[in-house]
Asker: 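Here it is, the structure in full.
Each ligand, and each atom within it, is numbered from 1 in the order the structure gives. One is the number of the first residue; the rest follow in order along the sequence.
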Amino acid sequence: MVSVHLIAKVLCCVVFVFGGLLFSSDAQLDPSFYCKTCPNLQFIVHKVVWKASLTDPRIFASLVRLHFHDCFVQGCDASVLLNNTDTIVSEQQAFPNNNSLRGLDVVNKIKTRVEKACPDVVSCADILALAAEASTFFSHGPYWKVPLGRRDSLTANRTLANQNLPAPFFTLDQLKAAFVAQGLNTTDLVTLSGAHTFGRSHCSLFVNRLYNFNNTGKPDPTLNTTYLKKLIKICPQNGTGTNLTNLDPTTPNKFDKNYYSNLKGGKGLFQSDQELFSTPNADTISIVNKFSNNKDAFFDSFKVSMIKMGNIGVLTGDKGEIRKQCNFINKKSTKLDVNIVASKESPEEGMVSSI
Ligand code: HEM
Ligand SMILES: *[C@@H]1O[C@H](CO)[C@@H](O)[C@H](O)[C@H]1NC(C)=O
Ligand SMILES: *[C@@H]1O[C@H](CO)[C@@H](O)[C@H](O)[C@H]1NC(C)=O
Ligand SMILES: *[C@@H]1O[C@H](CO)[C@@H](O)[C@H](O)[C@H]1NC(C)=O
Ligand SMILES: *[C@@H]1O[C@H](CO)[C@@H](O)[C@H](O)[C@H]1NC(C)=O
Ligand SMILES: *[C@@H]1O[C@H](CO)[C@@H](O)[C@H](O)[C@H]1NC(C)=O
Ligand SMILES: *[C@@H]1O[C@H](CO)[C@@H](O)[C@H](O)[C@H]1NC(C)=O
Ligand SMILES: *[C@@H]1O[C@H](CO)[C@@H](O)[C@H](O)[C@H]1NC(C)=O
Ligand SMILES: *[C@@H]1O[C@H](CO)[C@@H](O)[C@H](O)[C@H]1NC(C)=O
């Protein structure tokens with residue numbers, strides 16, 4: 001394990017320099033961005049995420065979702081991490097996030113370790129992107145080189161979080177519109193929805209499908225009746241809606257293609273999931289069929305779409321900042337503050353071996 005990381009570290013710059021020459025046309029982001037300024041970055045992220053998973057197996061799913069909820073609101077700029085302050089209305093209390101965002105503490109743990117190893121250079125937005133990739137990989141999903149160099153926002157926008165994040169009761173047309181608004185197409189929609197191959201949901205987000213779908217007083221007709229009975233046991237009518245259930249009833253913690261075979265068997269948990277297969281004549285059906293039959297096709301597509309999502313509205317160059325603490329924008333430094341910070345600086349602790 002350690003030697004693999006060492007080799008990866010040494011190769012990092014070399015490989016990426018040539019990679020950069022070959023694909024330089026593309027983005028402003030670059031997987032080699034921290035090669036020189038924070039060579040242990042990926043190792044630190046992997047170590048903290050892995051350690052967290054030992055007591056919280058769901059953390060992988062939660063970290064993937066956190067990156068998604070960052071990117072769809074003002075772009076991938078770590079705006080989702082900002083807490084309420086005098087000037088910030090946090091996105092964490094927007095409807096799609098309130099009482100359901102997880103992993104914020106793990107991100108802070110990563111940031112603390114990263115600041116010790118390489119202070120003031122790595123953005124919280126990049127940490128979210130790296131944590132999402134590591135989580136996918138650790139769950140037996142694909143791995144990819146994460147383009148880096150994002151900077152952190154100075155603002156958050158709860159209104160925009162409520163507007164931009166798709167809801168579980170969305171129809172296919174609404175889902176497509178929400179993704180198109182982010183520059184993502186129908187293939188990206190079907191592919192990224194495949195992240196519902198792991199993680200959990202609260203009953204409140206789909207309970208209408210069990211008892212009173214679309215005000216019919218009946219269950220959603222596209223819901224598999226065996227699965228319906230199982231869900232009814234977990235989510236009683238008029239319950240609090242706070243019980244949790246697996247998004248993927250077959251392999252709840254594994255990143256695989258079962259999400260798509262579930263849809264074919266009427267076992268999509270959300271209406272937004274099942275719509276991809278059960279909307280008559282939809283152009284998404286053939287994509288679901290393809291992914292359910294071909295793991296490589298899904299994994300290859302997932303890498304591409306995650307990188308595409310990770311590029312949404314990124315801040316680079318001198319835009320934004322590198323936050324010192326992910327939950328707060330940096331204090332404006334007057335000359336006096338700079339002196340105080342400089343004199344307070346603590347001696348650097350040991351390298352990553354102390355993690
Ligand atoms: C297509 C529109 C989408 C809708 C309507 C949607 C909706 C939801 C909802 C309602 C939950 C349950 C939240 C809770 O009960 O706390 C959830 C969980 C989750 N979503 Fe999505 N989602 C969508 C797309 C995505 C995308 C694009 C990703 C990532 C690429 C993603 C990743 C996840 C993961 C991993 C979980 C489980 C999180 C956990 O267990 O902590 N979702 N989603
Ligand atoms: C940010 O706010 C959340 C509650 O919304 C709280 O649990 C957390 O401790 C806060 N983080 C910091 C660093 O103050
Ligand atoms: C978020 O959830 C808390 C606890 O359930 C609730 O008290 C609060 O009103 C919610 N906030 C918003 C903005 O909906
Ligand atoms: C949040 O986004 C909305 C919708 O784009 C915009 O009208 C509003 O000015 C933004 N608010 C803040 C605080 O940036
Ligand atoms: C819900 O009902 C309305 C009519 O009341 C109908 O137009 C719509 O297609 C229905 N939606 C679904 C998903 O069945
Ligand atoms: C939670 O699920 C259990 C069954 O697993 C059920 O007995 C209980 O009533 C549910 N609670 C709520 C609040 O929905
Ligand atoms: C749930 O509430 C509805 C309307 O308030 C009522 O008609 C129904 O009988 C209740 N169901 C149960 C199982 O309590
Ligand atoms: C519903 O689920 C059951 C059990 O997983 C499965 O055997 C059956 O084929 C499914 N029914 C449909 C219509 O897909
Ligand atoms: C959608 O985007 C993917 C990349 O994510 C691309 O390969 C594909 O050609 C696009 N499809 C359409 C119909 O534009």
Asker: For Ser153, is there any backbone N or O sitting under 3.5 Å from a side-chain donor or acceptor partner on Arg323?
Answerer: yes
Asker: When you group the ILVMFWY residues by side-chain heavy-atom contacts below 4.5 Å and let the links chain together, are Phe270 and Leu192 in the same group?
Answerer: no
Asker: Is the distance between the ring centroids of Phe299 and Phe255 under 6.0 Å?
Answerer: yes
Asker: Has Tyr260 got a side-chain atom pairing as donor or acceptor with Thr191's backbone, closer than 3.5 angstrom?
Answerer: yes
Asker: Geometry only, no angles: is Asn214 polar-contacting ligand 5 at N/O separations under 3.5 Å?
Answerer: yes
Asker: Give the atom numbers and elements of ligand 3 that come within less than 4.0 Å of a heavy atom of Asn98.
Answerer: 1 (C), 2 (O), 3 (C), 8 (C), 10 (C), 11 (N), 12 (C), 14 (O)
Asker: Quick check: Arg158 and ligand 3, any N/O pair under 3.5 Å apart?
Answerer: no
Asker: Would you mind running through ligand 5 and noting each atom that sits below 4.0 Å from a heavy atom of Gln271?
Answerer: 13 (C)
Asker: So if I count the atoms of ligand 5 from 1 in the order they appear, which ones are less than 4.0 Å from some heavy atom of Glu275?
Answerer: 13 (C)
Asker: Side chains of residues 127-136: which donor-acceptor partners sit under 3.5 Å, not counting sequence neighbours?
Answerer:
from   : atom 1 : to     : atom 2 : distance (Å)
Glu133 : OE2    : Trp144 : N      : 3.2
Ser135 : OG     : Ala131 : O      : 2.7
Thr136 : OG1    : Ala132 : O      : 2.8

Asker: Under the salt bridge (charged side-chain N to carboxylate O under 4.0 Å, His left out) rule, what do Asp120 and Lys324 come out as? Steps first, then yes or no, please.
Answerer: CA-CA 6 Å; Asp120 291 334; Lys324 291 175 189 298; 3.0 Å; yes
Asker: Hydrophobic clusters here meaning ILVMFWY residues chained together by side-chain heavy-atom distances under 4.5 Å, can you tell me if Val180 and Phe170 are in one?
Answerer: no
Asker: Compute the ring centroids of Phe179 and Phe72, then answer whether they are less than 6.0 Å apart.
Answerer: yes
Asker: Protein residues near ligand 6, heavy-atom distance below 4.0 Å?
Answerer: Lys233, Ile234, Pro236, Thr240, Asn243
